[in-house]
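First up is the structure itself, then whatever we jot down about it.
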Number of protein chains: 2
Amino acid sequence: MNNTFRSRIKAPILLNSAEAEIIRALRRQGCITSTDLSRMTGWSKAKTAQDIRDLVEKGFLMEAGEGISQGGRKPRLLCINRNLGFVVGVDIGATSVDVALADISGSVLQRYSEPADVRQRPEPFLGRCVEIILHLMELQGCRADQILGIGIGVPGPVDFARGVLVAPPLMPDWENFSIRGFVKESFPNAFVVVDNDVNIMALGEQRAGDGINVDHFIFVKIGTGIGAGIVSNGKIHRGSTGCAGDIGHICVDKNGPICRCGNTGCLEAMAAGPAIAEKAMQAALNGSSLLLKNLMNQNGGVLRPEDVNTACREGDQAALEIIRASGQMIGDVLAGLVNFFNPSHIFIGGGIANFGNHLLVSIRRAVLRRSLPLATTHLSINFSRMGPDAGVTGAVALALEYLFVIEDQPTTTI
Amino acid sequence: MNNTFRSRIKAPILLNSAEAEIIRALRRQGCITSTDLSRMTGWSKAKTAQDIRDLVEKGFLMEAGEGISQGGRKPRLLCINRNLGFVVGVDIGATSVDVALADISGSVLQRYSEPADVRQRPEPFLGRCVEIILHLMELQGCRADQILGIGIGVPGPVDFARGVLVAPPLMPDWENFSIRGFVKESFPNAFVVVDNDVNIMALGEQRAGDGINVDHFIFVKIGTGIGAGIVSNGKIHRGSTGCAGDIGHICVDKNGPICRCGNTGCLEAMAAGPAIAEKAMQAALNGSSLLLKNLMNQNGGVLRPEDVNTACREGDQAALEIIRASGQMIGDVLAGLVNFFNPSHIFIGGGIANFGNHLLVSIRRAVLRRSLPLATTHLSINFSRMGPDAGVTGAVALALEYLFVIEDQPTTTI
DNA sequence: AAAACATTGTCTATAAAATAGACGAAGTTC
DNA sequence: GAACTTCGTCTATTTTATAGACAATGTTTT
């Protein structure tokens with residue numbers, strides 16, 4: 001059965017709207033009975049049964065034993081055929097790479113992370129990613145031809161249609177390199193989608209986090225850089241050239257320091273991880289914080305953003321002030337975006353997201369002070385609770401979203 | 001025929017997707033033949049003919065004579081039944097009101113504008129609007145029960161779902177007043193939709209201006225205030241509480257003047273019409289511009305924004321500098337929004353849109369300097385060419401969009 | 001002007017898709 | 001064990017769409 005099916009897979013997989021509705025229901029509920037599906041959709045029992053038979057025939061669905069009786073005959077349960085194939089999510093960060101192997105319903109089966117340096121050339125980096133994927137596949141016992149989709153998030157501006165990085169500051173050697181082409185060589189059956197890392201985090205938050213059923217939200221990643229993933233009307237907003245959400249280079253202070261983008265006083269240059277570390281080192285050197293000075297000496301003369309967090313937790317005033325200043329600058333920018341975009345939620349993630357409440361409180365305060373009341377009364381600003389999982393989860397969701405395509409979408413507006 | 005139909009109208013009018021596609025094609029093309037429609041949609045001739053018969057039967061479509069032969073039998077043309085009913089668009093500005101009466105296809109039949117003061121209470125103001133509508137109806141020979149939809153744009157934050165203004169700075173007496181309820185009393189058959197004035201201008205630009213087929217754009221209105229209408233993925237983005245686009249209160253200079261919203265240094269307080277006039281009066285008084293001083297004396301001691309424009313056209317350096325400074329501040333804010341939203345077009349409208357190129361050039365320069373290259377390479381920033389028509393056209397489009405509702409929209413995403 | 005060809009739109013037979021509801025199988029409740 | 005429920009299949013029927021024949025009505029060529 002799987003053998004005959006395998007050769008028929010052509011990605012993306014086209015579904016009509018009835019099939020899509022069934023699969024969507026199964027994604028949400030895990031298991032479902034034919035009768036419940038009929039009731040949910042409003043279709044007749046015959047049509048529902050026929051559609052299910054077709055999907056089982058095609059290999060998407062399988063029976064999953066018997067359900068519990070509702071006072072009559074026991075129903076037969078249906079679930080997504082987990083042997084149909086697998087999808088992979090890859091979250092490439094500036095200093096690490098996260099990979100997840102998931103089944104066709106989006107459940108993560110295997111997961112792996114390791115440090116990595118994105119500044120190297122794409123071939124060895126992606127080669128290592130392929131190795132990791134192959135390793136996870138071995139653990140799961142899955143063949144290369146069973147990999148149907150791969151979603152990849154990269155930390156830079158992505159021309160989404162082409163799946164190519166455009167002028168990426170962190171990884172200049174990747175410019176115009178076809179990530180899709182490289183990965184396809186190892187997984188010819190797979191449908192490869194490349195997107196910005198923040199977009200996939202937003203997608204992860206929407207599918208498996210607190211962003212579920214939220215129409216309009218912003219996911220802000222604060223780490224080495226600062227970026228935002230935008231969801232409008234329940235869909236990722238990528239903008240006309242696919243680089244929407246690049247808020248790291250919004251101007252905070254015209255007289256501020258020079259950013260790697262060439263401008264002055266960008267948010268990223270003043271409030272992201274490196275800026276925090278830099279300010280902390282100044283505080284250590286000019287004697288305003290003994291604790292930071294000691295940490296710096298322990299670290300061999302440098303401070304990382306995490307060290308500032310450590311100092312902050314121990315009540316160091318200088319460190320606290322640095323974090324507060326960052327939060328305020330980020331909040332000032334977000335205030336403008338709240339006025340413009342009017343989201344109901346802002347999720348904050350990235351390496352700095354576990355910096356505790358000092359950062360969050362100052363962000364909230366700045367936003368509330370500078371945004372319109374109507375925009376803030378129902379606004380929630382919180383850390384993403386998905387932690388480092390948002391990225392890979394979103395990458396898996398991205399792969400699935402573009403693996404299954406609904407055909408014959410009718411016009412939605414007059 | 002029309003008599004039996006009239007009583008059957010229940011707004012909103014539900015259409016299935018086939019009917020919607022036919023009506024949409026007719027909106028675009030004006031007239032169409034059955035065969036062309038069959039070719040466009042891919043439906044068989046029989047189904048197309050049947051659907052057309054149904055729509056004619058229901059009163060939406062009517063025959064419009066014969067078309068020209070393509071080398072064979074002459075086709076019969078179809079068009080939208082203009083006797084079906086009418087829609088009204090009302091664009092309420094701070095100092096004026098524009099009303100248009102249009103047929104069901106969106107073509108404007110009658111149009112009227114007059115000065116008005118929105119600071120008065122809603123009852124007399126809207127009462128006058130109703131009078132104008134009745135007057136236009138009389139000119140067109142249309143009865144009150146033939147008005148099927150009314151779209152209204154108001155200059156303030158609208159809770160779109162309720163159709164009510166929330167904390168409107170320009171018109172405090174309108175807070176929580178049910179505009180829909182008031183208008184419905186005079187036009188009980190009409191479906192009334194209320195939206196922010198900038199959203200309807202964006203809608204007008206999208207339906208009848210240069211925004212047609214543009215997926216992501218921002219319409220910026222600069223007048224007494226500054227606001228933006230946002231289109232994402234081809235749809236108006238209203239945000240979670242319907243107040244998206246309120247960019248007038250984004251902070252430009254923390255040490256700037258106090259805005260009517262209570263904060264300091266808002267874009268609106270520093271760059272909109274009143275600020276321009278205020279700066280010009282200072283320039284007139286402190287002697288930096290003789291021309292402005294003369295204009296001020298002619299006007300009885302005050303200057304309006306238009307006077308600055310006049311001075312600018314005559315080459316007055318002080319006036320030019322004021323305009324340039326406004327353009328730069330607006331451009332600085334837009335630069336951030338371009339990074340965030342990545343639109344392909346920015347349309348600039350409102351009372352200041354006819355201020356010529358000095359404003360536009362300085363806006364463009366500021367945006368290009370501070371936005372990412374990938375976001376600006378294909379970005380067009382231009383004045384809206386619709387002038388004062390954008391508002392009413394959009395209000396008509398709004399009425400039509402919510403008058404005709406497509407039923408049974410299938411799921412668009414897995 | 002007649003013949004040849006094109007296009008339009010209706011009509012019919014047919015195929016495809018969905019429905020309602022009958023009915024037996026498989027349970028639970030009393 | 002009798003009465004009642006629920007589940008899922010099956011059949012007859014209705015609804016919806018299609019293909020293609022064909023007459024009506026044109027233009028173009030000879």
Side-chain angles (χ1 to χ4, degrees), chain A residues 14-23 25-26 29-58 60-81 406-411, chain B residues 14-23 25-26 29-58 60-81 406-411:
Chain A
L14 288 178
L15 303 175
N16 62 41
S17 56
E19 292 170 331
E21 199 158 334
I22 293 175
I23 289 182
L26 279 161
Q29 313 228 347
C31 277
I32 206 167
T33 72
S34 159
T35 311
D36 278 348
L37 194 58
S38 169
R39 272 193 287 259
M40 279 176 52
T41 56
W43 303 329
S44 67
K45 288 187 290 182
K47 171 179 163 53
T48 309
Q50 184 60 53
D51 282 355
I52 288 171
R53 262 194 303 278
D54 288 351
L55 282 171
V56 171
E57 165 76 17
K58 286 184 187 172
F60 293 107
L61 264 50
M62 55 185 277
E63 301 219 342
E66 295 183 329
I68 49 174
S69 165
Q70 305 292 321
R73 174 174 166 178
K74 276 190 208 161
R76 294 185 216 156
L77 291 176
L78 286 162
C79 71
I80 289 180
N81 180 5
I406 307 174
E407 57 184 357
D408 290 336
Q409 293 281 25
T411 56
Chain B
L14 288 178
L15 303 175
N16 63 39
S17 55
E19 291 170 333
E21 198 158 334
I22 293 175
I23 290 183
L26 279 160
Q29 313 229 348
C31 277
I32 206 168
T33 72
S34 160
T35 310
D36 278 347
L37 195 57
S38 170
R39 273 192 286 259
M40 278 177 54
T41 56
W43 304 329
S44 68
K45 288 187 292 181
K47 171 179 162 52
T48 309
Q50 184 60 51
D51 282 355
I52 287 172
R53 263 194 302 276
D54 288 352
L55 282 171
V56 171
E57 165 76 16
K58 286 184 187 173
F60 293 108
L61 264 50
M62 55 184 276
E63 301 219 340
E66 296 182 329
I68 51 174
S69 165
Q70 306 293 321
R73 174 173 165 179
K74 275 189 209 163
R76 293 185 215 153
L77 292 176
L78 287 162
C79 70
I80 289 180
N81 180 5
I406 307 174
E407 55 184 357
D408 292 334
Q409 292 281 25
T411 55

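Remember, it's a predicted structure, so these values are computed and weren't measured experimentally. Residue numbers begin at 1 in each chain, while the letters A, B, ... track the order of the sequences.
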Practice problem: Could you check how far CD1 of A:Ile68 sits from P of C:dT29, rounded to whole Å? | Solution: 11 Å

Exercise. Check whether any side-chain nitrogen or oxygen of A:Arg76 sits under 4.0 Å from OP1 or OP2 of D:dT9, and answer yes or no.
Key: yes

Quiz item: Is a donor on one side and an acceptor on the other found under 3.5 Å between the side chain of B:Ser38 and the backbone of B:Ser34?
Solution: no

Quiz item: Separation of A:Asn16 atom CG from C:dA16 atom C1', in whole Å?
Solution: 14 Å

Quiz item: DNA chain C: A:Asp51 or A:Glu66, which has the more 5' nearest nucleotide?
Solution: A:Asp51

Exercise. Return yes if some donor-acceptor pair links the side-chain N/O of A:Glu19 with the main-chain N/O of A:Asn16 below 3.5 Å, else return no.
Key: yes

Quiz item: D:dG8 C1' sits how many Å from A:Gln70 CD, rounded?
Solution: 15 Å

Quiz item: Which residue, B:Ile22, B:Thr48, B:Ile32, forms the side chain to side chain contact (heavy atoms under 4.5 Å, CB included) with B:Met40?
Solution: B:Ile32

Quiz item: Does a distance-only test, which skips hydrogens and angles, find a donor-acceptor pair under 3.5 Å between the side chain of A:Lys45 and the base of D:dG8?
Solution: yes

Quiz item: Pick the nucleotide of DNA chain D nearest each of A:Arg53 and A:Gly71; which residue has the one closer to the 5' end?
Solution: A:Gly71

Quiz prompt | Among C:dT19, D:dG8, C:dG9, the nucleotide that comes nearest once only the side chain of A:Pro75 is considered | solution = D:dG8

Quiz prompt | Atom-pair distance (NZ on B:Lys74; C1' on C:dG9), nearest Å | solution = 15 Å

Quiz item: Taking only N and O in the side chain of A:Thr35, is any of them less than 4.0 Å away from OP1 or OP2 of D:dG8?
Solution: yes

Quiz item: Nearest nucleotide by nearest heavy atom, which residue falls closer to the 5' end of DNA chain D, A:Ala49 or A:Ser69?
Solution: A:Ser69

Exercise. May I ask you to evaluate whether B:Ser44 reaches the phosphate of D:dT18, defined as a side-chain N or O under 4.0 Å from OP1 or OP2?
Key: yes

Quiz item: Rounded to the nearest 0.5 Å, what separation is found between the CG atom of B:Leu77 and the OG1 atom of B:Thr33?
Solution: 7.0 Å

Quiz item: Under 3.5 Å, is there an N or O donor on one side and an acceptor on the other linking the side chain of B:Arg73 and the base of C:dT8?
Solution: yes

Quiz prompt | Atom-to-atom span, CD of B:Gln50 to P of D:dT16 - whole angstrom | solution = 10 Å

Practice problem: Using whole Å, report how far NZ of B:Lys47 lies from C1' of C:dT10. | Solution: 17 Å

Self-check item: Nucleotide C:dT7, atom C1' - distance to CZ of B:Arg39 in whole Å
Solution: 8 Å

Quiz prompt | Salt bridge flag under 4.0 Å for residues A:Asp54 and A:Lys58 | solution = no

Quiz item: What's the CG-P distance between B:Leu77 and C:dT8, to the nearest Å?
Solution: 11 Å

